[in-house]
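Scroll down for the structure; my scribbles are underneath it.
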Protein chains: 2
Amino acid sequence: MPIKEADLERIRELPFLKAAGEDTFRRLIQGAFLQRFPASTTLLTEGDSVDFLYILLGGSVELSGTWNDKETILALLGPLSTFILAAVVLDAQALMSAATRDRSDILMISGETLRREMREDAGFGFAVSQELAGCYRGLVRSIKSQKLRGGIERLANYLITQQVRQGDVETITLPHEKRVLASLLGMTPENLSRAFANLADYGVVVNGPLVTISRPVVLSRLAKPDALIDNHAPDAMRGRGKAMFEAWPNQPQQMTV
Amino acid sequence: MPIKEADLERIRELPFLKAAGEDTFRRLIQGAFLQRFPASTTLLTEGDSVDFLYILLGGSVELSGTWNDKETILALLGPLSTFILAAVVLDAQALMSAATRDRSDILMISGETLRREMREDAGFGFAVSQELAGCYRGLVRSIKSQKLRGGIERLANYLITQQVRQGDVETITLPHEKRVLASLLGMTPENLSRAFANLADYGVVVNGPLVTISRPVVLSRLAKPDALIDNHAPDAMRGRGKAMFEAWPNQPQQMTV
DNA sequence: CGGCGAATTGACGGACGTCAACTGCTGTGG
DNA sequence: CCACAGCAGTTGACGTCCGTCAATTCGCCG
């Protein structure tokens, strides 16, 4: 699929490409592919060597890890996310698998070109560092959530985060299947179900993918959301306008726990 | 404390400073402090804004996070580790606290200078990206370990990792108090004790800080170590000689789960 | 209409956290 | 030199959280 002019402009606005010089940008795009993948397509399996940096322009992607026949979802990505950047920078094997969830448009930039341009264009290299630093901090938040909170608390905070991102509505829409959410939160689907049932006491009403938070203050007293764990305004957003926060459809980036 | 010539040479060998140009290096060192801290000194509390990049030259440092009056250790660092680099790159507040465990020599580099030099010296910027990418991948391994394995399995793999790092000896020395290890592995001291007791069936004999692995094959069949989780040869080591792996005393870098 | 998968619910067992008591070591002070 | 306090570590009892297995319901799509 050829890269359209309109796409080029969108890509150019990515924070870590905006910092690149005009020549750098052109060379990066030169050997890049823009490809449309169907839903549930494996893009990369953990252990694979990584030849491209992936940039999700449309659709959604899931990052997962496995061990001993068990699998866990590490992150869910929405449009304008980059992924497996760290493996590309180090030219190392992937530590996570990546698969599309919906039909997705993905830009693939040559890893070798990326590394070469980073060594040439300091502004670009710095922007990549910032992107990586944002990813790193997302994982720190994840680990803290995972190690310090119980399942119900993780769910409660997830709901509050979603509420903020969806514009402080009373009724939020779960953006993924519950079994996917369960894996992201580090529990089984059965336990997620029970966690939702427990939250009924705190004014949480579940109706399919619709979740109504009728007593936000009560829920918040349980959840104890924390600026140093909960990504209400992700690092990755730094440097762009607030536009992405205002409305739902264009929101995501990274949806870690 | 003034920076000694001998220290300068050691510092210059750090992988992410080795890539810096001579001028860059001089400017980074210009406004830097080398400071000796006693044991159990708080260097930084989560939420603090971060003015310096820290480089541990001697001693040991613990990185921790808290929520709701609970605390967990996120990493234990040995000599020649950098820490809170991500916060410095983004000029953001720290997500973890840092404290010395032993008396420690720490080099502090101005964050503002670091960012400025990254924007000027592309080679240096790239090296910082590599450092960050290595840290990121360390956390990915941690999360996978945390979400996919049970406590006993995490301990078993920790022991195997230590065995490799200590030169494949039969009897390893735990480098930290057991309650510290417990927190790092995401469990309580009591449960760590029981986990050790369980591992007796797999040929693990505990004697204070000395742990003998009498049947490595049996233990390994339980632990199922995985190159994509267990950091037997950390990313951060890329680019330096193998010297650090050969012997115990000079080993560490990062000791994540 | 039938079948498949997601979601829920119940029953059960195992893993894990909490509380308490006890041991052993170490450093301190009489 | 010994008594004692203090802390790390261990062990036991208990309760809760969580994963597993099974059965059921529901909605969606062929």
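This one's a predicted model, so the numbers in the text were calculated from it and none came from an experiment. Letters A, B, ... are given to chains in the order of the sequence lines, protein chains preceding strands, and every chain is numbered from 1.
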Check your understanding: Is any N or O donor-acceptor pair between the side chain of Arg194(A) and the base of dG10(C) shorter than 3.5 Å?
Key -> yes
Point to revise | Option among Ile55(A), Leu56(A), Leu14(A) that satisfies the side-chain contact (heavy atoms from CB on, under 4.5 Å) test with Leu80(A) | key: Leu14(A)
Practice item. Return the nearest nucleotide to the side chain of Glu177(B); candidates are dA6(C), dG9(D), dG12(D). Key: dG9(D)
**Study point:** For atom NE2 of His176(B) and atom P of dA8(D), their distance in whole Å
**Key:** 16 Å
Point to revise | Whole-Å distance separating the CZ atom of Arg149(A) from the C1' atom of dC16(C) | key: 20 Å
Practice item. Assess whether atom CZ of Phe52(A) is packed by more than 12 heavy atoms of other residues, nucleotides or ligands within 6.0 Å. Key: yes
Review point. Taking the six-membered ring for Trp, are the ring centroids of Phe83(A) and Tyr54(A) within less than 6.0 Å of each other?
Key: yes
Point to revise | N-O pairing of Arg101(A) and Glu177(A) below 4.0 Å | key: yes
Would you tabulate the pairs of protein nitrogen or oxygen atoms and nucleotide nitrogen or oxygen atoms of nucleotides 22-30 of chain D closer than 3.5 angstrom?
none

Study note, to complete from the structure: Which of Lys144(B), Arg154(B), Arg149(B), Arg165(B) passes salt bridge (charged side-chain N to carboxylate O under 4.0 Å, His left out) with Asp230(B)? It is Arg149(B)
Point to revise | Distance, rounded to the nearest Å, where Asn198(B) contributes CG and dA15(C) contributes C1' | key: 10 Å
Revision key, fill the gap. In whole angstroms, the gap separating C1' of dG24(C) from CG of Asn207(B) amounts to 13 Å
Exercise for review: Calculate the interatomic distance between Met187(A) atom CE and dC18(D) atom C1'; express it in whole Å.
Suggested key: 11 Å
Review point. Tell me: CG of Asn191(B) to P of dT16(D), nearest whole Å?
Key: 17 Å
Check your understanding: Would one find more than 12 heavy atoms of other residues, nucleotides or ligands at under 6.0 Å from atom CG of Asn207(B)?
Key -> no
Exercise for review: Round to the nearest Å and state the distance from Leu155(A) atom CG to dC18(D) atom P.
Suggested key: 11 Å
**Study point:** Sugar-phosphate, base or nothing in reach of Gly151(A), heavy atoms under 4.0 Å
**Key:** sugar-phosphate
Practice item. Using only side-chain N and O atoms of Lys178(A), determine if any of them is under 4.0 Å from OP1 or OP2 of dT8(C). Key: yes
**Study point:** Minimal non-hydrogen separation, Gly59(A) against Pro79(A), with atom names
**Key:** O-CD, 3.6 Å
Exercise for review: From the options dG19(D), dT9(C), dT18(C), select the nucleotide whose nearest atom is closest to the side chain of Thr188(A).
Suggested key: dG19(D)
Check your understanding: Between dA8(D), dG17(C), dT9(C), which nucleotide has the shortest distance from any of its atoms to the side chain of Arg179(B)?
Key -> dA8(D)
Review point. Leu181(B) has an atom CG; how far is it from atom P of dT10(D), in whole Å?
Key: 11 Å
